[in-house]
There are 2 protein chains.
Amino acid sequence: MSKQPHPFAPEPSVRLSPVSYLVMGLIGLRGPSTPYQLKRAAGRSVNYFWPFPHSQLYGEPERLTAAGLLEEEREEGGRHRKVYTLTKAGRAALDSWLISPPGEVFEMRDMAVLQLFFSEFMSREALVALAGDQVRLYRERIAVLEAIALHYSERQGRRRMAPLDLGLRMARTCLDFWQEVADDPPEA
Amino acid sequence: MSKQPHPFAPEPSVRLSPVSYLVMGLIGLRGPSTPYQLKRAAGRSVNYFWPFPHSQLYGEPERLTAAGLLEEEREEGGRHRKVYTLTKAGRAALDSWLISPPGEVFEMRDMAVLQLFFSEFMSREALVALAGDQVRLYRERIAVLEAIALHYSERQGRRRMAPLDLGLRMARTCLDFWQEVADDPPEA
DNA sequence: GTACGCATGTAAACGGTTACATGATTTG
DNA sequence: CAAATCATGTAACCGTTTACATGCGTAC
């Protein structure tokens, strides 16, 4: 199997990370954007299931520009911010990603669950405290997500609301689980 | 607020990552272990909700040893593998972590959900294909987790089985969600 | 005994996070 | 106009992942 790029379907020269698609996707939705605009847009939407620090939104567009997937201009007045636009190649990369199912499911990587796994070194009280804390946090998160859902449900398309729906279901599943642990802590 | 370590409760000199606790926790459960033993132990248990490459199990114990949390010996015969044991300080760090609720909930970071969020650039067929693929993957995962649950349920304590239970519930929640998307794909 | 595959280990590259730095804008 | 807060940006650090390297056992 050759590693050479196919001459008629050149692969992008850089590996694209999830954040790459996040950036390209947001620019695809919003049109030309500055990093700060992306930050605000992400904060109101995609950050609720894919958090990242805003500094990513400065470095990543530069890499994508170097790879020919974005184009960079300067604002006329004010701060002369960098404004990024999808190139043809960028749009193509985005489209081609969207029609390729990832072939994998998410990984939990949940610190509380990790503690639960090792909880046989833990007193019953500590376990109840852990579960109680998780219950509180999931209640808060559910409240936040419900507020967002209420606020945006009319303006957004159903597809963009779907992740929020899944997020709510997941949070409720976790809430139930930790509630049961708190109410009836398993013995070691 | 001083950043100096408190003289009577010295903080560990290194930042401990999730994998640090994973390693210490596994050694706590198993007793003295070589990296390869840890790899096998993790593969049968904790990897199902916290995956990582085996190379972590070589670097991390070294760091923990340097921090005084593990002790390193050499096997007598054979390959003279390194055998790691929890020190007093290591056990203390593990215990103290276990009684400190993380104060945060997991983050999804699900590629398929990210695609769904940007799916308004996607045809209905592509969306159904994505959902169908996720359905297949979650069915497989559920089958694997159920097999593990069946296999280990007698030998393991209830607490160590709990993460598996949560994993199953999460997988079923996702399965339901994607099934609905596949059956009735939302319009943009 | 040789070839294949798995066991075991090391190290460098990449990308995400943390930390800091500076300019703008609001508020009292 | 001083101070506080927010907007905007950069850079180093650190952990994870990727890639490679070598040893050991086993089947034929």
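Letters go in sequence order (proteins before strands), and every chain restarts at 1. What you see is a predicted model, and the numbers here were worked out from it, not measured in a lab.
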Nearest-Å distance for atom pair CG/P, residues Leu57(A) and dT10(D): 13 Å
Residue pairs involving residues 87-108 of chain B (criterion ring-ring contact (aromatic ring centres under 6.0 Å, His included); sequence neighbours excluded): Tyr21(B)-Trp97(B)
Over-ring placement of Arg91(A) relative to Phe121(B), 6.0 Å and 45° cut-offs: yes
Show which side-chain atoms of residues 173-188 of chain B pair as donor or acceptor with protein atoms under 3.5 Å away, not counting sequence neighbours.
from, atom 1, to, atom 2, distance (Å)
Thr173(B), OG1, Thr173(A), OG1, 2.9
Thr173(B), OG1, Arg169(B), O, 2.9
Gln179(B), OE1, Arg139(B), NH2, 3.2
Glu180(B), OE1, Arg169(A), NH2, 2.7
Glu180(B), OE2, Arg169(A), NH1, 3.2
Glu187(B), OE2, Arg124(B), NH1, 2.7

Give the table of side-chain donor-acceptor pairs shorter than 3.5 Å for residues 144-154 of chain B, with sequence neighbours excluded, one pair per line with atom names and distance.
from, atom 1, to, atom 2, distance (Å)
Glu146(B), OE2, Arg172(B), NH2, 3.0
His151(B), NE2, Arg155(B), NH2, 3.1
Ser153(B), OG, Ala149(B), O, 3.3
Ser153(B), OG, Leu150(B), O, 3.3

Gap between atoms CZ and C1', on Arg81(A) and dG23(C) respectively (whole Å): 11 Å
dT10(C) phosphate, OP1 or OP2, under 4.0 Å from Tyr58(B) side-chain N/O: no
Check the interface with nucleotides 13-20 of chain D: list each N/O to N/O pair with the protein under 3.5 Å, or write none.
from, atom 1, to, atom 2, distance (Å)
dG15(D), OP1, Arg63(B), NH2, 3.0
dG15(D), OP2, Arg63(B), NH1, 3.2
dT16(D), OP2, Gln56(B), NE2, 3.2
dT17(D), OP1, Arg109(A), NH2, 3.3
dT18(D), O4, Ser55(B), OG, 2.8

Rounded interatomic separation in angstrom, taking CZ from Arg40(B) and C1' from dA7(C): 10 Å
Glu72(A) CD - dG9(D) C1' separation (whole Å): 13 Å
Results of side-chain contact (heavy atoms from CB on, under 4.5 Å) for Thr87(A) - residues two or more places apart only: Glu71(A), Ala89(A)
Which atom pairs, donor and acceptor, lie under 3.5 Å between side-chain atoms of residues 126-133 of chain A and protein residues at least two apart or in another chain?
from, atom 1, to, atom 2, distance (Å)
Asp133(A), OD1, Arg136(A), NH2, 2.6

